[in-house]
Amino acid sequence: MDNQINLVDTSDSGITNKHRLKNFMERFMQAVFFVCALMSIVAVIIICLFMFYNGIPAMKEIGFFKFLFGGTWLPTATKPSFGIAPMILGSIYVTAGALIIGVPIGLFTAIFMAKFCPKKLYKFLMPPINLLAGIPSIIYGFFGVIVLVPFVRNTFGGNGNSILTASILLGMMILPTVVGMSESALRAVPESYYEGAVALGATHERAVAKVIFPAAKSGIAAAVVLAIGRAIGETMAVILVAGNQPRFAGGILDGVRTLTSNIVMEMGYATGLHYDALIATGVVLFVFILIINILLNVITSKKKS
Amino acid sequence: MEEKMKTYKKHPLSLVFKIITVVAITITVAVFLLIVGYVLIKGVPHLSPKLFEWKYTSENASMMTSIITTFEMVLISLIIAAPLGIFCAIYLVEYAKRGNKAVKLIRLTTETLSGIPSIIYGIFGNLFFVLALKWDYSIMAGAWTLSIMVLPLIIRSTEEALKSVDDSYREGSFGLGAGKLRTIFVIVLPSAISGILSGVILAIGRVVGETAALVFTSGTIAQLAGLFDSSSTLAVHMYTLSSEGLYMDEAAATGVVLMVSVLLLNFLASFIAKKFKKG
């Protein structure tokens, strides 16, 4: 009898021990998951801290207005001058150009894919569009060098490294972003909108253009904003085709330097204030991107409510 | 068909609209074919054995060292990013309660991370890993930079995959007496594995194709390197070759290897994802 009770007792405490261990593991792993989840917050904070901490003092030293609105960039001269206005404008030019070329094509492509495409064809048309997003930017850049630059030089004149070339290339690069997001926005419009329009006598095309398209406009706006972010942040493709002269461009066949290429071209050898000025260039780009992110958030959260 | 032509005759604008969309999709697909076609045509004839020699010299412009560096880079950045990303997604889907403030912040920062362009990651990597942590230009610095860059991609795809696991699986597991942890690792993760895998493969594609974030973190030297040495990945190698302008043929051949591997990775990812949607 005694023996038996003893047995029961020990196994009992075994269970509670096991239970305790299990409980501990549950809690421990939950904590691990939580800590991992916090990593993206930590990353954003560290990135912001390091960018601003290293960039702002340079801006102060150069002079905030001189830096942002100064028109001459002569970082290695005996009397160096750090004005990034040409680069800010350069980034804006090529981004605008990319939107002018990429957004209409992308939007109409999205309309075709969402509303006109026969099902059998869809299977073959979708993979190329998706794969466009996967092609590395250096490949786009190389394509720009061997195809677009000679093309622009021969058709429009100039030396080929120009705003126009960069705009065409960036327009190609933002296509998958524009198509993907606007297609899902178009598909999210309730079928009843379409049916109502058709019932009122609209043709299929008219219903799509006048009813579905306007109804999807906030999703499409989000697509365009995202495309702006892509285009303004693109580096390696632009640097190979844009010419990179740090001056105000006179026309779309002139070369231009963007914020991104300014950093890549000079960071390898820059020291001292020059290096810090490049970080500050990055900060300006970073602020642009943060504004775009906030805009995107506003648009998508409006859509939800 | 005839009836359609009749409507178009009555409404010519509708026809015009449709034609414009057809032109647009043609351009989009043509852009893809043009890029892939040109790189293949320019590159394939120059794929020669000397490009795969073990040592890089200015004569052979070999990409072998860069291929090895690319493997190292992929391996290390995934060792860092995959567990972090997957665990983060597990927390978001399995543990976080509705309306949790931390979750909102995590979502916001993840979105922010995915919107940051790679050159900013490059600057940050240079400031933090290369200079502040004194790792110098090294594969390690590059891999850490890239692991932050691909983190949102892994988090988002894992989240989607976990969400698509039916709740009845979890309830069944709980009902049989399994704890939460056991349910996650034995029931939920295996059912979501193909979605997670396709996200990880996409992340590999990003790492392989990345240039701007690496030029100032892992550097541009073509050499066989340990983890704390500087070495260029395939994409960076291609950039140095094509920006010098002297090695355009070699750059094209390198481009073929790079493009084909990235396209295959993307293809594999969507293939696995599709399989998972059906199964």
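Each chain gets a letter, A, B and so on, in the order the sequences are listed, and its residues count up from 1. Keep in mind that the numbers below use all heavy atoms, side chains included, and drop hydrogens, waters and symmetry copies.
Between A:Phe33 and B:Tyr95, the two ring planes are tilted [angle within 30° to 60°].
Residue contact with chain B, scored on non-hydrogen atoms closer than 4.5 Å, involves the backbone and the side chain of A:Ile138 alike. Using a 4.5 Å cut-off between heavy atoms, A:Met236 contacts chain B through its side chain alone, with no backbone atom that close. For B:Ser270, no part sits under 4.5 Å from any heavy atom of chain A, backbone or side chain. Within the 4.5 angstrom heavy-atom criterion, only backbone atoms of B:Ser114 (N, CA, C, O) approach chain A. In this structure, chain B has no heavy atom under 4.5 Å from any part of A:Phe124. Using a 4.5 Å cut-off between heavy atoms, A:Val264 contacts chain B through both its backbone and its side chain. Interface remark: A:Tyr140 contributes side-chain atoms only to the contact with chain B (heavy atom separation under 4.5 Å). The contact between B:Leu131 and chain A is made entirely by side chain atoms (from C-beta outward), counting heavy-atom distances below 4.5 Å. A:Ile46 touches chain B through backbone and side chain together, each having a heavy atom under 4.5 Å away. In this structure, chain A has no heavy atom under 4.5 Å from any part of B:Leu92. Both the backbone and the side chain of B:Ala252 come within less than 4.5 Å of a heavy atom in chain A. Both the backbone and the side chain of A:Ile105 come within less than 4.5 Å of a heavy atom in chain B. Proximity to chain A (any heavy atom under 4.5 Å) is shown, for B:Val208, by neither the backbone nor the side chain. Only the side chain of B:Ile148 comes within less than 4.5 Å of a heavy atom of chain A; its backbone N, CA, C and O stay farther away. Within the 4.5 angstrom heavy-atom criterion, no atom of A:Leu296 approaches chain B. Heavy atoms of A:Asn130 lying under 4.5 Å from chain B are absent altogether. Heavy atoms closer than 4.5 Å to chain B are found in the side chain of A:Met113, but not in its backbone. Contact annotation for B:Lys42: only side-chain heavy atoms (C-beta onward) come within less than 4.5 Å of a heavy atom of chain A. In this structure, the portions of B:Leu105 lying under 4.5 Å from any heavy atom of chain A include both its backbone and its side chain.
What you find for A:Arg206 and B:Ser14 is that their closest heavy atoms are N-OG, 4.2 Å. Across A:Leu131 and B:Asn266, no two heavy atoms sit closer than the pair CD2-CB, 3.5 Å. Taking every heavy atom of both residues into account, B:Tyr239 and A:Leu240 meet most closely at CE1-CD2, 4.4 Å. Counting all heavy atoms, side chain and backbone alike, B:Pro117 lies closest to A:Ile289 at CD-CG1, 3.6 Å. Counting all heavy atoms, side chain and backbone alike, A:Ala209 lies closest to B:Phe17 at CB-CZ, 3.7 Å. When all heavy atoms of A:Gly134 and B:Val262 are compared, the pair lying nearest together is O-CG1, 3.1 Å.
Side-chain atoms of A:Thr109 and B:Thr28 include a donor-acceptor pair closer than 3.5 Å.
Distance CG/B:Leu258 to CD1/A:Ile135: 10.5 Å, rounded to 0.5 Å. Taking CG of A:Leu259 as the reference point, atom CD1 of B:Ile120 lies at 9.0 Å (rounded to 0.5 Å). Note that CD1 of A:Ile41 is 9.0 Å distant from CG of B:Leu108, once rounded to the nearest 0.5 Å. Distance check: A:Glu205 CD to B:His11 NE2 gives 10.0 Å after rounding to the nearest 0.5 Å. Atom CZ of B:Phe216 is separated from atom CD1 of A:Ile263 by 9.0 Å, given to the nearest 0.5 angstrom. Of the inter-residue distances, the one linking A:Ser40 atom OG with B:Ile155 atom CD1 reads 4.5 Å to the nearest 0.5 angstrom.
Ranked by heavy-atom pairs shorter than 4.5 Å toward chain A, the options B:Leu202, B:Thr211, B:Leu127, B:Leu33 are led by B:Leu127.
Within the 4.5 Å cutoff, the side chain of B:Ile123 has no heavy atoms near those of the A:Phe50 side chain. In this structure, the side chains of B:Phe185 and A:Met29 come closer than 4.5 Å at one or more pairs of heavy atoms. Counting only heavy atoms from C-beta outward, the side chains of B:Met238 and A:Ile139 approach each other to under 4.5 Å.
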